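Take a look at the structure below.
In what follows, every heavy atom counts, from backbone to side chain, and hydrogens, waters and symmetry copies are set aside. Treat the numbers as computed from the prediction; the structure is a model and nothing was measured.
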There are 2 protein chains.
Amino acid sequence: MTTKLTTNDTLSSFIDKYDNFLFDCDGVLWHGDQAIPGVIEVMNKLRAKNKRICFVTNNSTTSRVNFHKKFDRIGIEANLDEIFSSAVATASYLKHIVKLPADKKVYVIGMNGITEELGKEGIQSFGGEADNGVWPNDPIPNDPSVAAVVVGLDTQVNYRKYAKAFTYLRNNPGCLFIATNGDTTFPIHGSLFPGAGAIQAPLVTALNRQPDAVLGKPAQNMMEAIFAQYDFDKSRTVMVGDRLDTDIDFGLQAGLDTLCVLTGVTSEDQLLSTSNTTNPTYYMDSFADFSKVL
Amino acid sequence: MTTKLTTNDTLSSFIDKYDNFLFDCDGVLWHGDQAIPGVIEVMNKLRAKNKRICFVTNNSTTSRVNFHKKFDRIGIEANLDEIFSSAVATASYLKHIVKLPADKKVYVIGMNGITEELGKEGIQSFGGEADNGVWPNDPIPNDPSVAAVVVGLDTQVNYRKYAKAFTYLRNNPGCLFIATNGDTTFPIHGSLFPGAGAIQAPLVTALNRQPDAVLGKPAQNMMEAIFAQYDFDKSRTVMVGDRLDTDIDFGLQAGLDTLCVLTGVTSEDQLLSTSNTTNPTYYMDSFADFSKVL
């Protein structure tokens, strides 16, 4: 059972109930490079009420530093250490959980966000944007120093990248297959395009093998990182997102209350459909609607 | 139970038993642009014994006319009407089974073989090699005249092609999702790379939808085309291939005897493994071994 926040009473009670707000970004705060109307003011007012805020995004295309610049550009206040992305989660996973040896390398299908975050953890990587463009059909020798292939959203993914990743995963014993996140689609240009979960699919099919780890929401690694960094009371923390299978499931798995906004990929019909089994605690048309009570 | 052809007796009996030989090409007759040693002579001797020959390939990258040139280049005799490819099968399917209206178009993820064969059937198409290269991240408007998306092997597949195909399939009611073939890998440069069945996987994942039709071996459409064109006695026809899940299954489904050669993707261990359920009637190291008796 999910409750729609519409009246001033329900909106006010919600704000009073939580000290800590975890936000998905695209579809909640902005669309592409445009703030969702009214959201900037509401975010400023949350800050003014001393609410603690974190941003939790499955977008791996941009580094934490460049995400921070994006917040500046759009006009939403954010601190670097409030930003958790699937690229950060992936680099942290390879560094602290896998403990990738220093002489091993990562092959990346993805954009600069991943290679930059890997570099910050001292992990050698190659591929990524360097492998964009037309492939001259040259042979692809194996590189036995590749101990992991990381696949994230890559709007320049191409056959050369798949052939390289396939070659390393097929030939190097123990080579890990890591997905930054499993989102099957992502919103762009007011539409939907294939997401990281779709980008990785040719490797799953050609290798007949699932990824060894899928990081990002709803996986709990980013939640653990947030709670390791911030002393949040779970009962006073809410996860706000637009996507049921990532954002809302991410909150629910952690035992948090959740709020689904309808400014992103989920429609009210989908949310209330009897086939939907991921029910947020609350939902509302737009997070900007809190302007009525803030 | 499968029988290995090794002795001169078994080899001679095999040649005498069949009048009609259906051949897969890559891994059986050649590797890339190199004939498998000894195969040219054996093929010439089969012709000299008045055996009927057809070539049945899931390779959709090249048109029938260009395949014919490849046979010439490699030095294996072939007639144009003996060549059956998954691109020909796809064009024929859209023309004769789907009966695509003349004002509708096909969007192609694949190479010139597909667009050329579609053109020969009078079917309008776009995409394919024209969409190679780096995508400038421009918006992709829908085109309501797209009534089918065809996906085949494309060694220049890229995100733009996936985003376009996804857009048409998602927005155009009844738009067909057609795969030229389902091979998950294909041999190149003495190695394996992701095949057409892997190339199509991002659309399967992003759309949460399987293709409406997967043509090529082991689908029986090419077999029906061969038997419609040639008056072959099934009991005197054998399918020769290197791949269990396409070539051998293709023959078995049609009720033909089958011969698996070990010059391609299947190893003797895989063939004889208890987990293998696709058992050819016969197998042998190389088709060239018939030189002993021809």
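Comparing B:Ala206, B:Ala201, B:Pro194, B:Gly197 by heavy-atom pairs within less than 4.5 Å of chain A, the highest count is held by B:Pro194. Chain A forms the most heavy-atom pairs under 4.5 Å with one residue out of B:Ile140, B:Thr167, B:Val134, and that residue is B:Val134. Among B:Gly195, B:Ala165, B:Ala198, the residue making the largest number of heavy-atom pairs under 4.5 Å with chain A is B:Ala198. The greatest number of non-hydrogen atom pairs below 4.5 Å with chain A, out of B:Asn132, B:Asn142, B:Val157, B:Asp154, is found for B:Val157. Between chain B and the residues A:Ile199, A:Asn158, A:Leu192, the most heavy-atom pairs under 4.5 angstrom are made by A:Leu192. Of the listed residues A:Leu207, A:Asp138, A:Asp183, the one with more heavy-atom pairs under 4.5 angstrom with chain B than any other is A:Asp138.
When heavy atoms are compared at a cutoff of 4.5 Å, B:Asn208 does not approach chain A at all. Of the two parts of B:Thr185, only the side chain, counted from C-beta on, holds a non-hydrogen atom closer than 4.5 Å to a non-hydrogen atom of chain A. Interface remark: A:Tyr162 contributes backbone and side-chain atoms alike to the contact with chain B (heavy atom separation under 4.5 Å).
Counting heavy atoms from C-beta outward, B:Gln200 and A:Thr205 have side chains that stay 4.5 Å or more apart. Looking at A:Tyr159 and B:Leu153, their side chains come closer than 4.5 Å, going by heavy atoms from C-beta outward.
Taken from CZ in B:Arg160 to CZ in A:Phe193, the straight-line distance is 11.0 Å, to the nearest 0.5 Å. From B:Ser191, atom OG reaches atom CG of A:Asn171 across 6.0 Å, with rounding to the nearest 0.5 Å.
The side chain to side chain donor-acceptor pair (under 3.5 Å) test applied to B:Asp285 returns B:Lys4, not counting sequence neighbours.
Counting only residues at least two apart or on different chains, the salt bridge (Lys or Arg N to Asp or Glu O under 4.0 Å) pairs with a member in residues 106-119 of chain B are B:Glu117-B:Lys120.
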